[in-house]
There are 2 protein chains.
Amino acid sequence: MDHNVFDDPRITAIGLLFEASAGLSARFAAQFEEHGLSPVEFEVLMRLTRSPGHQLRMTDLAAQTSLSTSGVTRVVDRMERDGLLRRRACPSDRRSSYAVVTAAGLARLDETLPGHLQIIEQWFTGQLDPAALDSLLDGLRRVRDAVHPGATAGSTDPAPAHVPSAAGC
Amino acid sequence: MDHNVFDDPRITAIGLLFEASAGLSARFAAQFEEHGLSPVEFEVLMRLTRSPGHQLRMTDLAAQTSLSTSGVTRVVDRMERDGLLRRRACPSDRRSSYAVVTAAGLARLDETLPGHLQIIEQWFTGQLDPAALDSLLDGLRRVRDAVHPGATAGSTDPAPAHVPSAAGC
DNA sequence: GAGCAACTATAGCCGCAGCAATATTCCCTG
DNA sequence: CAGGGAATATTGCTGCGGCTATAGTTGCTC
């Protein structure tokens, strides 16, 4: 029990990261639900809204989220049924289709975002003084860049740097 | 586009936290799979093994993981079928039952842990010099303590402080 | 000691999401 | 321009896990 694995600083470190992350996720989910959104739906709304024309091809949307292409198909199904999104055929490539944010989708996002930002501030960024926060973010950025989830990532990147295949459309 | 929400420092911050966390999760999942474990199964194995007698009542196990009680029932079903765990009736309370780690379960954990620790070091703790790491962990601890996932948390706590109801057993 | 509320584990039902298979379309090569 | 390989979206199938209902057990109160 002297060099118990459970006391290993690495276990402690990863525990802190995951608990902080999970705790925030739970707060977010609760607030999203108040506005009739699931976490994935919010993420989809964010990704699409920040994209040019408030739209993205299904594949590209999948690449920018934590979802597979079939997962995207179903989320877009639900959100289209709820009027938040709309499918649009790609004129130049008849295999592709766009998911486009509707006015209702934009409104829903606008209605959800203030509370979301407030929660981030209350439970995360506001918990630390500016210097400590910078320090934390620097560390996270280092880790993020190292582990680079590839498709899962990109939230901070203004453009995915990929610009995969939205060329002809 | 001047005060675009997407460029809000809070969005950037939470993006970094989630991407780092998700990236590490993905690495972990891949390594767990090499040893025939899912992330939840690994978590269950860790929680039980660090508990006195390598066992925990189903309810307490649920409280210490990200699972509901019915979720625990099913995970334990699977792991019992695979020989990693074993159910044991609680002698003093016939409603309760224990999940106990078997020798095979311990062996599986021992076989999985070194690689797990190595991944943590390679992609997380080893990415930063000691001072920066301390800084990062301090920040995370602050956030963790604030958001305190309640049941979901506890990974770093040697004892859950609760010591819920394992009294009579 | 009978009744009742709280607790414990489980089973039914459901939605979600990944993988693999499929149909369609595109593009490149000969 | 014919044919084959790659890309795109969708669907079937599966496993996972939460919520709710249920059955059994406990302890408390009258």
Side-chain angles (χ1 to χ4, degrees), chain A residues 22 25-26 29-30 32-33 36-44 55-82 85-100 149 151-152 162 164-169, chain B residues 22 25-26 29-30 32-33 36-44 55-82 85-100 149 151-152 162 164-169:
Chain A
S25 290
F32 292 154
E33 198 167 12
L37 290 176
S38 72
V40 271
E41 287 166 351
F42 177 81
E43 190 186 359
V44 163
Q55 58 184 323
L56 231 38
R57 287 171 50 240
M58 301 294 280
T59 303
D60 298 336
L61 181 54
Q64 289 189 25
T65 59
S66 51
L67 292 170
S68 66
T69 64
S70 64
V72 165
T73 291
R74 296 178 218 272
V75 177
V76 172
D77 280 347
R78 295 196 293 271
M79 296 178 75
E80 189 172 31
R81 178 172 44 72
D82 295 348
L85 261 46
R86 168 175 79 79
R87 275 184 172 83
R88 190 174 73 80
C90 177
S92 63
D93 185 342
R94 288 163 51 201
R95 293 171 301 181
S96 300
S97 59
Y98 281 107
V100 193
T152 307
H162 273 292
S165 43
C169 300
Chain B
S25 289
F32 292 154
E33 198 167 13
L37 291 174
S38 72
V40 271
E41 287 166 351
F42 177 82
E43 190 186 0
V44 164
Q55 58 184 324
L56 232 39
R57 286 170 51 242
M58 300 294 279
T59 303
D60 297 337
L61 181 54
Q64 290 189 26
T65 59
S66 51
L67 291 171
S68 66
T69 64
S70 65
V72 164
T73 292
R74 297 178 217 272
V75 177
V76 172
D77 280 347
R78 295 196 294 271
M79 297 178 75
E80 191 172 31
R81 179 170 44 71
D82 295 348
L85 262 46
R86 170 175 78 79
R87 277 185 172 81
R88 190 174 74 79
C90 176
S92 63
D93 186 341
R94 288 160 53 200
R95 292 171 300 181
S96 299
S97 59
Y98 281 107
V100 193
T152 306
H162 273 291
S165 42
C169 299

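Owing to the predicted nature of the structure, the values given are computational and were not obtained by experimental measurement. Quick note on labels: first sequence line is chain A, next is B, and so on, each numbered from 1.
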Student: Got a donor-acceptor pair under 3.5 Å from the side chain of A:Ser38 to the base of C:dC16?
Tutor: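 It does not, because no donor-acceptor pair links the side chain of A:Ser38 to the base of C:dC16 below 3.5 Å.
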Student: Nearest whole Å is fine: how far is C:dC16 P from A:Glu33 CD?
Tutor: 12 Å
Student: Side chains of A:Val72 and A:Thr65, heavy atoms from C-beta outward: is any pair under 4.5 Å?
Tutor: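 They are in side-chain contact.
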Student: Can you check whether A:Arg78 has a side-chain N or O nearer than 4.0 Å to OP1 or OP2 of C:dC16?
Tutor: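 A:Arg78 to C:dC16 OP1/OP2: side-chain N or O found under 4.0 Å.
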Student: For B:Asp77 and C:dA9, give me the distance from atom CG to atom C1', rounded to whole Å.
Tutor: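 The answer, rounded to whole Å, is 11 Å.
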Student: Please evaluate the base of D:dG15 for a donor-acceptor partner in the side chain of B:Arg74 within a cut-off of under 3.5 Å?
Tutor: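 Side chain to base: no pair present.
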Student: Round to a whole Å and report the spacing from CG of B:Asp93 to C1' of D:dA23.
Tutor: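 It is 15 Å, rounded to the nearest whole Å.
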Student: Do you know the tightest heavy-atom contact between A:Val44 and A:Met79?
Tutor: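 Looking at all heavy atoms of both residues, the closest pair is CG1-SD, 3.9 Å.
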Student: B:Arg88 CZ to C:dT8 P: how many Å, rounded?
Tutor: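 Going from B:Arg88 (CZ) to C:dT8 (P), I get 16 Å.
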Student: Of all the nucleotides listed (D:dT10, C:dT8, C:dA17), which has the minimum atom distance to the side chain of A:Thr69?
Tutor: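 Comparing D:dT10, C:dT8, C:dA17 against the side chain of A:Thr69, the answer is D:dT10.
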Student: Base, sugar-phosphate alone, or nothing: which one does A:Ser97 contact when heavy atoms must sit under 4.0 Å apart?
Tutor: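 Here A:Ser97 touches the backbone only, sparing every base.
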Student: Could you state the CE-P distance from B:Met58 to D:dG24, rounded to the nearest angstrom?
Tutor: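 Taking atom P of D:dG24 as the reference, CE of B:Met58 is at 18 Å.
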Student: Without decimals, in angstroms, what is the distance between B:Leu56 CG and C:dT8 C1'?
Tutor: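 Computing the B:Leu56:CG to C:dT8:C1' distance gives 14 Å.
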Student: What heavy-atom pair brings A:Met58 and A:Thr73 nearest, and what distance separates the two atoms?
Tutor: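 Looking at all heavy atoms of both residues, the closest pair is CE-CA, 3.7 Å.
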Student: Are OP1 or OP2 of C:dT24 and a side-chain N or O of A:Arg94 less than 4.0 angstrom apart?
Tutor: no
Student: Ignoring hydrogens and angles, does a donor from either the side chain of A:Arg95 or the base of C:dC26 sit under 3.5 Å from an acceptor on the other?
Tutor: no
Student: Send over the distance from B:Glu43 CD to D:dC16 P, rounded to a whole Å.
Tutor: 16 Å
Student: Are A:Leu61 and A:Val76 side-chain neighbours, meaning at least one heavy-atom pair lies under 4.5 Å?
Tutor: yes
Student: Mind calculating the distance between CZ (B:Arg81) and P (C:dT10) to the nearest angstrom?
Tutor: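 Rounded to the whole Å, the gap is 15 Å.
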Student: Once hydrogens and angles are ignored, does a donor-acceptor distance under 3.5 Å link the base of C:dC19 to the side chain of A:Ser70?
Tutor: yes
Student: Do any side-chain nitrogens or oxygens of A:Arg87 fall under 4.0 Å of OP1 or OP2 in D:dT10?
Tutor: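 For A:Arg87, the contact criterion (side-chain N or O under 4.0 Å from OP1 or OP2 of D:dT10) is met.
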Student: Tell me the closest heavy-atom pair linking A:Glu43 and A:Gln64, and the distance in Å.
Tutor: OE2-O, 3.9 Å
Student: Using a 4.0 Å heavy-atom cut-off across all strands, classify A:Val72 as base, sugar-phosphate, or nothing.
Tutor: nothing
